[in-house]
Amino acid sequence: MPCSQWGRGICFFQDSAHYYTQFTTFYFFIMTRVRFAPSPTGDLHVGGARTALFNWLFARKTGGTFILRVEDTDGARNTEEAAQGILKGLRWLGLDWDEGPDAGGNYGPYFQSQRKAIYDAYLAKLEAAGRVYTEDSGAVRFKFSRTPITVHDLVCGDVMFAATEEPDMTVRRPDGSYIFHFVNVVDDIEMKMTHVFRGEDHLSNTWKHIDLFNAFGAIPPTYAHIPLILNPDGTKMSKRDEGSAVEKSYMNEGFLPEAVFNYLCLLGWTPRTEGEKLTREALVNLFDPAEIHNANARFDMHKCQWFNAQYLRALSAEELLASCRRFIEKAGYTITDDAVAAAAVYSVKEKVSLLTEIPAWVHYFFRSDYPYEDDVMIKLKAKPENATLLKAAADGFRTLTDWSEATVQTAIEEAAKAHSVKPGALMPLLRFALSGQSRGPGVNTIAHLIGQESTLQRIEHTLGLIG
RNA sequence: GACCCCUUCGUCUAGCGGUUAGGACACGUCCCUUUCACGGAUGCGACAGGAGUUCGAUUCUCCUAGGGGUCGCCA
């Protein structure tokens with residue numbers, strides 16, 4: 001199998017089987033450099049996040065460099081707020097960059113708005129080569145070579161484009177600012193990119209980029225065009241759609257970054273291993289661009305939440321509290337005892353899939369003026385003997401000198417037995433009294449956590465309400 | 001309109017000429033159970049259509065259909 005492409009002393013096999021066997025050892029000998037190049041016009045989009053993710057995986061897998069380059073050439077649409085939001089989203093996902101904003105590097109600046117001198121110099125090269133011309137309007141156009149161009153793509157294979165009949169491409173506006181295709185290529189040359197993982201929406205324009213690389217006498221990077229993420233109905237996912245914005249849909253909705261990271265990896269790539277819940281380290285080790293799918297995938301919020309539930313349940317009590325603390329406080333509850341709070345949230349971890357669901361499950365641990373659900377009050381008042389049973393339980397609780405889940409459990413069972421009912425008849429009544437809810441952790445767990453005194457007070461209060 | 005990519009259960013996918021077409025999510029049923037869940041078991045459910053190559057096509061080729069993308073002085 002001949003090498004289809006030579007670049008910086010690097011050979012790439014197009015044959016996927018050969019490529020696969022070579023992959024592991026291959027990249028130890030080269031310095032891979034990849035980048036994520038967002039345009040700060042809005043929130044970090046899941047599609048963009050996954051593009052960043054694959055670039056990051058490749059860099060970490062090969063021991064290469066992951067660069068963040070902000071493509072803010074469109075002054076009218078770019079905002080500082082959007083740029084910060086994108087950095088925030090990337091950090092949340094754990095996609096740390098080796099070069100870029102806040103990280104520095106030898107190929108900066110990493111904001112295209114600060115690189116005009118470089119672009120001017122590159123345009124001069126094109127002028128010297130007679131590959132550009134200026135229109136009456138002042139816009140500068142690049143003369144296409146108008147020869148067939150083949151893109152050697154790690155995901156799509158060899159994609160051939162016939163000699164184009166499109167009008168020459170504008171590379172500089174009359175006001176002197178530059179167009180995406182031009183700056184993108186110039187920066188990939190200047191920043192010495194070896195590979196480019198980007199959305200498949202760029203595939204159709206890649207021949208233009210290669211034409212530019214050729215005009216500059218530079219060798220194009222190896223491309224890998226990854227499939228797009230679509231809405232559940234198969235339409236293109238845009239900014240307004242559910243699950244599209246990282247901060248709004250995940251960070252603020254109670255997702256764990258590891259879960260989103262894991263789900264996004266598997267949307268368009270299937271690691272060669274058993275199981276789907278994989279650690280960041282495992283994903284890095286397993287990553288192979290030759291295995292990236294070439295068909296678009298629909299986003300499935302259900303499955304993303306399932307992953308979140310899996311990661312949630314694997315957390316320790318302390319970790320879970322640390323993750324959901326902000327949501328509990330945001331809901332208006334005050335945590336005074338971390339140990340109790342940790343145990344409380346841990347007791348409901350198997351009942352939720354999102355951190356945002358937790359406050360509604362544990363609010364009564366943090367306040368004594370909790371509300372009673374409508375049907376709870378109805379059930380409590382339904383039978384006169386309910387009050388008798390609650391009193392019996394309270395009497396049993398009062399005599400306990402050791403307050404643990406086990407002793408509480410025993411006291412409940414004894415109270416039930418004394419009144420010739422099954423524990424299962426008394427349990428719901430106590431749950432209603434202690435939490436105001438019809439569902440929740442084990443009654444003995446609730447009682448133990450809120451303490452003996454509060455347990456007795458809550459039963460008294462409830463008895464007063466049901467008369 | 002032209003060009004490019006894609007097409008296995010509802011969704012994400014395994015499969016790389018011969019399989020009872022496997023798994024995960026979702027959904028149904030059963031078990032477990034003080035509630036809600038978790039968990040366990042089980043069921044439902046797919047090769048877009050048509051030619052061709054072949055002893056044999058989900059798998060290879062072509063055509064059609066459908067989906068997506070690109071053709072900007074957006075990125």
Side-chain angles (χ1 to χ4, degrees), chain A residues 16-17 37-42 48 70-74 76-78 112 135 137-141 151 153 155-157 159-162 164-167 169-184 198-208 225 227-230 232-237 263 266-272 274-277 293-307 309-310 313 347-353 361 376 379 409 412-413 416 422-432 435 437-444 446:
Chain A
S16 67
S39 183
T41 56
V70 181
E71 306 217 330
D72 55 348
T73 55
D74 185 356
R77 297 201 307 148
N78 298 143
Q112 289 186 328
E135 298 195 304
S137 65
V140 177
R141 285 184 183 264
V151 178
D153 195 280
V155 173
C156 304
V159 183
M160 279 157 276
F161 292 88
T164 189
E165 290 177 17
E166 285 181 27
M169 168 171 68
T170 302
V171 292
R172 199 185 70 173
R173 303 184 186 91
D175 68 1
S177 63
Y178 291 90
I179 297 300
F180 162 73
H181 302 292
F182 180 82
V183 295
N184 192 266
R198 56 171 27 165
E200 199 203 85
D201 49 341
H202 288 290
L203 182 59
S204 297
N205 282 327
T206 300
W207 65 268
K208 297 176 185 173
H225 286 90
L228 270 22
I229 297 178
L230 271 26
D233 65 1
T235 56
K236 186 184 183 183
M237 185 179 263
Y263 175 69
L266 270 44
L267 206 54
W269 169 49
T270 308
R272 290 181 176 279
E274 288 296 311
E276 297 188 329
K277 182 169 177 280
H293 308 158
N294 50 16
N296 294 344
R298 298 179 191 211
F299 186 84
D300 185 356
M301 186 55 91
H302 261 298
K303 188 147 188 180
C304 190
Q305 289 193 9
W306 176 80
F307 268 105
Q310 299 302 307
R313 285 165 202 150
S347 73
V348 299
K349 66 170 176 157
E350 279 159 5
K351 305 174 189 308
V352 303
S353 57
W361 284 88
V376 158
K379 286 173 183 168
Q409 181 72 22
I412 295 171
E413 288 168 3
K422 291 178 179 175
L426 177 53
M427 293 286 188
L429 302 179
L430 281 167
R431 177 189 307 290
F432 298 160
S435 71
Q437 300 192 162
S438 59
R439 55 177 66 171
V443 172
N444 57 338
I446 297 174

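Chain naming here is simple, since letters A, B, ... match the order of the sequence lines and numbering starts at 1 in each.
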(request) Could you please name the option among B/U13, B/A24, B/U35 that lies closest to any side-chain atom of A/R439? (result) B/U35
What is the distance from [atom1] of [X] to [atom2] of [N], rounded to the nearest Å?
{"X": "A/K351", "N": "B/U35", "atom1": "NZ", "atom2": "P", "result": "10 Å"}
{"X": "A/W269", "N": "B/A14", "atom1": "CH2", "atom2": "P", "result": "12 Å"}
{"X": "A/K277", "N": "B/U13", "atom1": "NZ", "atom2": "P", "result": "21 Å"}
{"X": "A/D300", "N": "B/C27", "atom1": "CG", "atom2": "C1'", "result": "13 Å"}
{"X": "A/D233", "N": "B/U11", "atom1": "CG", "atom2": "P", "result": "11 Å"}
{"X": "A/W306", "N": "B/C38", "atom1": "CH2", "atom2": "P", "result": "12 Å"}
{"X": "A/F299", "N": "B/G67", "atom1": "CZ", "atom2": "P", "result": "23 Å"}
{"X": "A/L266", "N": "B/C12", "atom1": "CG", "atom2": "C1'", "result": "8 Å"}

Take atom [atom1] in [N] and the same atom in [M], then report the distance between them in whole Å.
{"N": "B/U29", "M": "B/C38", "atom1": "P", "result": "14 Å"}
{"N": "B/C27", "M": "B/C63", "atom1": "C1'", "result": "38 Å"}
{"N": "B/C30", "M": "B/U20", "atom1": "P", "result": "32 Å"}
{"N": "B/G23", "M": "B/U42", "atom1": "C1'", "result": "16 Å"}
{"N": "B/G22", "M": "B/A46", "atom1": "C1'", "result": "12 Å"}
{"N": "B/G66", "M": "B/C31", "atom1": "C1'", "result": "44 Å"}
{"N": "B/A21", "M": "B/G45", "atom1": "C1'", "result": "12 Å"}
{"N": "B/G67", "M": "B/U61", "atom1": "C1'", "result": "22 Å"}

(message) Does B/A14 have OP1 or OP2 under 4.0 Å away from a side-chain N or O of A/T270?
(response) yes
(request) For B/C12, take OP1 and OP2 only and decide whether either is under 4.0 Å from a side-chain N or O of A/H293. (result) no
(message) Is the ring pair A/Y263/A/F307 parallel, tilted or perpendicular, if the boundaries are 30 and 60 degrees?
(response) tilted
(message) Heavy atoms only, 4.0 Å cut-off, all strands: where does A/R298 land among base, sugar-phosphate and nothing?
(response) sugar-phosphate
(message) Using a 4.0 Å heavy-atom cut-off, does A/V159 contact any base of the nucleic acid, only the sugar-phosphate backbone, or nothing at all?
(response)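 It contacts sugar-phosphate atoms only.
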(message) Once side chain to side chain donor-acceptor pair (under 3.5 Å) is applied, do any residues pair with A/D72, and if so which ones, sequence neighbours excluded?
(response)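 Side chain to side chain donor-acceptor pair (under 3.5 Å) list for A/D72, sorted by chain: A/S113.
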(message) With a 3.5 Å cut-off and heavy atoms only, can you find an N or O donor on one side and an acceptor on the other between the side chain of A/K303 and the base of B/A24?
(response) yes
(request) Can you check each nucleotide of nucleotides 68-75 of chain B against protein heavy atoms at under 4.0 Å and return B for base, S for sugar-phosphate only, - for none, in 5' to 3' order? (result) SBSS-BBB
Counterpart base for [N], defined by Watson-Crick or G-U wobble contacts under 3.5 Å:
{"N": "B/A2", "answer": "B/U70"}
{"N": "B/U33", "answer": "none"}
{"N": "B/A14", "answer": "none"}
{"N": "B/U7", "answer": "B/A65"}
{"N": "B/C27", "answer": "B/G43"}

Could you tell me whether the side chain of [Y] reaches within less than 4.5 Å of the side chain of [X], counting heavy atoms only?
{"X": "A/R198", "Y": "A/N184", "value": "yes"}
{"X": "A/T41", "Y": "A/D74", "value": "no"}
{"X": "A/H302", "Y": "A/W306", "value": "no"}

(message) Closer than 3.5 angstrom, by distance alone: can the side chain of A/S438 be matched with the main-chain N or O of A/V376 as a donor-acceptor pair?
(response) no
(message) Would the distance check show the side chain of A/N296 and the main-chain N or O of A/L228 forming a donor-acceptor pair, the cut-off being under 3.5 Å?
(response)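 Yes; at least one donor-acceptor contact below 3.5 Å.
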(message) Do A/S177 and A/R173 pair up side chain to side chain, a donor and an acceptor below 3.5 Å, judged on atom types alone?
(response)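 A donor-acceptor contact under 3.5 Å links the two side chains.
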(request) Decide, for B/C30, between syn and anti: a glycosidic angle within 90° of 0 counts as syn, anything else as anti. (result)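 Here the answer is anti: the torsion falls beyond 90° from 0.
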(message) Going by the rule side-chain contact (heavy atoms from CB on, under 4.5 Å), which residues pair with A/A425 if we only count those two or more places apart in sequence or in a different chain?
(response) A/V421
